[in-house]
Amino acid sequence: MADPKHIDQITERVERLLLRHEELQRTNALLVEQVHALQAERDSLKSRLMAARARIDALLDRLPPGLGDTPQDSSKERS
């Protein structure tokens with residue numbers, strides 16, 4: 001039969017491992033929540049960017065023909 005002291009050590013170690021496992025599960029759940037929140041924020045920013053691009057495209061379409069085809073000014077050519 002196994003030594004009771006040895007069994008107590010194993011029991012203590014298993015209990016610590018179970019606690020650590022629970023801690024890691026809680027941490028993982030929090031990280032999953034953060035990932036979901038960041039994904040939602042990313043999707044919202046993408047949507048806002050697409051809307052802004054659509055507004056800019058609409059404004060560009062309203063410009064008179066040839067107005068957007070002006071040559072680059074000299075300060076831009078130097079950089």
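- For E15, there are no salt bridge (charged side-chain N to carboxylate O under 4.0 Å, His left out) partners, not counting sequence neighbours.
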Donor-acceptor contacts under 3.5 Å from residues 42-64 side chains, at least two apart:
none

Side-chain donor-acceptor pairs under 3.5 Å in residues 16-41, sequence neighbours left out?
unit_1, atom_1, unit_2, atom_2, d
R20, NH1, E23, OE1, 3.3
H21, NE2, Q25, NE2, 3.3
T27, OG1, E23, O, 3.0

